[in-house]
Amino acid sequence: MSRRVIPALVLLFLVTLAASRLTLTLGDRSSYVEDAHKDLATVTALLTTSLKLMESSGVDFDREPFAEQLVASDILPAGALLFVTDRDGLVVASHPVQADLIGKSIYGFVSDPRELLGVDAADKIVDVSFRGGNAIAATADLPVDGGKISLFWPEADYLADWRQKTAIGVSLFVLTGAILLLVLKAYFRQSRRAEDYSGLFNEAHQRVDIALSRGMCGLWDWDIGRGQMYWSRSMYEILGMKPTDGVMAFADVAPLLHPDDGGLFHVARRVAAGKIEHLDQVFRMRRADGEYIWIRGRANVTQGADGEVHLIGIAADVSEQKELVRRTDEANHRLMNTIENISETFLLCDHEQKVVVCNSIYRKTFGLDEADVAAGTPVDKVLRKARRPIRQITLDGDELMAGESAVEAQMPDGRWLLISTRLTADGGTVWVGTDITQIKHHKTLTKDSKQKLLATIAKLEAATTDAERKADQLSELNLRYIVEKERAESASRAKTAFLANMSHELRTPLNAILGFSDIMRQRTFGAIGDKYGEYVDDIHTSGTHLLTMIDDVLKMATIESGRLELFSEEVEFSDLVLESAAMIEPLAKKKNIALSIEVPEALTMVSDPRATSQVVLSLLSNAVKFTPDGGTVRLRLRQIGRAAMLTIADDGPGIPQPALAKLGLPFSQIGNELVRSKCHGTGLGIAIAKALVNLHGGRFRIGSRVGDGTIVSLRLPVMTEPAARAGTTSLAAPATNAAMASRRAGKAPAARAAA
């Protein structure tokens with residue numbers, strides 16, 4: 001019955017297998033086509049999104065760099081063609097690069113251009129006839145010039161894998177059919193014989209499989225001549241593969257071996273050439289999950305009943321052993337590396353008192369070479385050759401463990417080592433030496449520091465007693481200082497009051513002297529002699545000088561007492577400077593001195609006009625006074641930021657550098673007797689000018705060099721009010737715009753004309 005049914009079943013199986021193979025092939029083709037559409041749609045969506053992002057961010061678009069960047073990103077499907085076209089459809093770039101297509105119309109490659117020119121062509125994948133074959137295509141609009149990016153994926157490319165797979169499937173089907181027919185033919189021949197031995201074979205086979213599975217071993221029989229290999233069920237289990245009954249082709253087994261461990265071809269050639277009689281080799285094989293495991297194969301070369309050469313043996317999974325060996329080697333390497341890189345000396349010997357490990361710090365410390373401490377060298381020999389300490393101190397203490405000893409050893413180079421000796425569990429000994437030089441040094445320093453600290457404490461106690469005594473003296477001196485300060489302030493106030501009273505008392509007779517001398521100069525009551533006329537002129541000049549000096553003394557006293565009041569208002573500093581220059585001009589002409597005046601058209605500021613004018617007049621007067629005949633006095637006014645900068649330079653004899661520090665002190669006159677006799681003065685002009693500038697919140701500087709003249713510069717804030725600087729200074733209401741306009745219209749032009 002079975003002999004009649006089996007052939008029918010085999011034929012039915014082949015027909016069913018052919019039908020299923022055809023159905024699967026067609027289904028695979030549809031799946032490949034669908035996946036190709038999805039891949040191209042995804043790439044097109046990415047292109048569209050990138051182009052929109054570039055357009056929204058305002059980045060300039062360049063076709064060729066964009067195409068190169070797109071190709072470099074590796075998102076194009078294998079075999080896909082990319083064309084970048086302008087608004088007329090002419091190709092400006094392509095990938096892969098095809099120079100013969102540049103400048104040609106892309107619509108010449110497709111049978112129907114309307115498929116790419118549709119309104120919704122950029123949103124879907126279309127099937128086109130491309131260059132004599134079928135293809136799928138997609139387009140994306142460029143953000144400039146109305147150009148496009150077109151993608152074509154020929155059917156021959158995205159179905160290449162399917163065709164290859166189909167060819168392999170058909171080949172396998174044909175091979176399977178042929179094998180089945182051969183098996184069917186052999187079946188009739190062997191069926192009767194097989195029935196006799198099947199029971200015995202199955203029982204033995206089952207026993208072998210159980211034993212091999214428990215031992216993680218696999219049985220294999222390699223027919224070298226036919227290129228076929230039989231595996232036991234346990235061999236499939238080791239590799240995580242589904243067991244099959246039958247033999248495996250040589251081509252199916254060879255890819256499972258790791259390429260670095262040698263191939264089966266090499267083994268087959270050596271067996272065929274008779275170079276090996278048995279095989280004992282460790283190699284890697286790939287499991288079904290892709291992971292490689294280590295297999296140790298042992299086999300003997302035998303000759304079968306059919307005369308063919310076979311390699312029969314077992315294969316055992318030794319991955320765990322290999323991993324254990326790897327971890328052991330890694331642990332040993334780390335241990336050796338750690339011992340080598342520690343800062344202590346290290347020497348380990350075994351129970352036979354022979355060297356096992358010795359690091360370089362030990363060799364360097366004790367003056368040994370690598371050969372002196374090679375593994376297996378007796379420790380006694382090493383200790384005899386090692387450099388000996390010049391001093392040793394044996395340590396005793398409860399902190400030492402059983403079987404441990406420690407000594408402090410001073411080496412010839414001055415270093416101290418704490419050498420600890422311990423017994424290991426296997427009867428060996430380990431010596432560890434720690435550098436304690438710094439600790440010993442710190443102990444010595446601590447002892448010295450303690451003695452110094454005691455001495456310092458004694459000194460501090462003495463210093464404290466002396467400081468308390470000096471504090472009492474300082475308190476007494478402070479009380480005396482307060483008393484003397486009050487006396488000095490009282491004397492200063494008395495001096496100021498005296499100067500003010502004396503100034504007022506001297507003005508009355510001086511006014512009389514000046515009045516009568518002026519009447520006599522003008523010959524109001526008749527002529528006088530020439531000699532008396534000279535005397536009268538001298539009297540009037542001396543009286544005028546004395547009255548000026550009294551005014552200066554009175555103003556200086558007022559400034560020093562803090563009772564000077566400044567009445568600030570809005571003034572035109574340019575007009576004020578020109579008026580002051582006009583007053584000095586007669587004196588300059590008398591000495592044939594050229595006045596160079598440089599002022600801006602307008603420079604408005606808030607200040608006391610009388611005090612500011614006095615400062616300018618005093619500085620100009622000094623410059624003209626000390627400039628020799630025929631010299632030049634230069635005045636420059638400018639605004640720098642929120643400040644007015646006034647600079648006056650002369651060609652006078654100059655001032656020595658040591659004498660510049662005395663300028664600005666009351667009654668201080670710089671120069672030799674000849675200069676003083678020619679230029680009369682009280683020595684208060686610079687002091688008053690400097691004090692008035694400070695009251696306005698400004699800065700006053702003098703620079704000079706002997707023989708090169710003097711430069712005086714003052715910097716006044718344009719809008720800063722001086723009330724905060726002058727103790728009793730009051731601020732008057734600023735002048736109105738009309739008053740300022742009248743002042744500038746009346747006085748300023750005249751002053752400029754005079755200058």
Side-chain angles (χ1 to χ4, degrees), residues 1-26 28 162-206 208-209 212 218-237 239 241-257 263-265 267-269 271-272 285 288 299-315:
M1 181 65 181
S2 60
R3 293 182 182 181
R4 292 191 296 268
V5 173
I6 289 177
L9 292 176
V10 171
L11 294 177
L12 180 61
F13 171 75
L14 291 177
V15 173
T16 304
L17 184 61
S20 61
R21 181 71 264 175
L22 179 61
T23 303
L24 291 175
T25 300
L26 296 178
D28 288 344
W162 173 80
R163 290 194 175 101
Q164 184 179 4
K165 183 178 179 182
T166 301
I168 294 174
V170 172
S171 300
L172 291 176
F173 172 75
V174 174
L175 180 60
T176 302
I179 292 174
L180 286 176
L181 293 176
L182 291 175
V183 170
L184 184 61
K185 180 180 179 181
Y187 171 77
F188 292 101
R189 182 181 302 175
Q190 300 295 333
S191 60
R192 182 172 297 178
R193 186 181 300 175
E195 290 176 357
D196 298 335
Y197 296 99
S198 61
L200 182 61
F201 173 78
N202 289 334
E203 183 179 356
H205 188 270
Q206 185 177 6
V208 172
D209 280 344
L212 292 176
L219 178 64
W220 48 285
D221 181 359
W222 183 8
D223 189 343
I224 302 297
R226 293 188 177 90
Q228 296 177 349
M229 185 176 293
Y230 166 79
W231 279 357
S232 65
R233 182 177 297 270
S234 58
M235 190 65 189
Y236 288 101
E237 293 176 356
L239 297 178
M241 300 172 62
K242 183 178 179 181
T244 59
D245 294 331
V247 296
M248 296 184 64
F250 177 80
D252 295 334
V253 179
L256 299 179
L257 270 71
L264 294 178
F265 291 102
V267 176
R269 283 196 297 266
V271 171
M285 293 190 71
N300 288 330
V301 178
T302 61
Q303 190 170 6
D306 54 358
E308 297 291 340
V309 178
H310 288 251
L311 192 62
I312 303 175
I314 61 173

For residues 5-14, which side-chain N or O atoms pair as donor and acceptor with protein atoms under 3.5 Å away, sequence neighbours left out?
none

| request: Indicate the atoms forming the closest heavy-atom contact of Y236 with K242, along with that distance. | output: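 Closest approach of Y236 to K242: CD2-O, 3.6 Å.
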| field | Reported CG-to-CG distance for the pair L17 and L22, which is rounded to 0.5 angstrom | value |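 These two atoms lie 11.5 Å from each other.
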| field | Inter-residue atom distance M241.CE - L256.CG, 0.5 Å rounding | value |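 One gets 5.5 Å once the value is rounded to the nearest 0.5 Å.
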| message | When you measure from the side chain of W162 to the backbone of T25, do you find a donor-acceptor pair of N or O atoms at a distance under 3.5 Å? | response |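 Yes; at least one donor-acceptor contact below 3.5 Å.
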| said: With a 4.5 Å cut-off on side-chain heavy atoms, are M235 and M229 touching? | reply: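 SC-SC contact between M229 and M235 ruled out.
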Output a table of donor-acceptor pairs, distance under 3.5 Å, between side-chain atoms of residues 173-183 and any protein atom two or more places apart or on a different chain; print 'none' if there are none.
from : atom 1 : to   : atom 2 : distance (Å)
T176 : OG1    : L172 : O      : 2.5

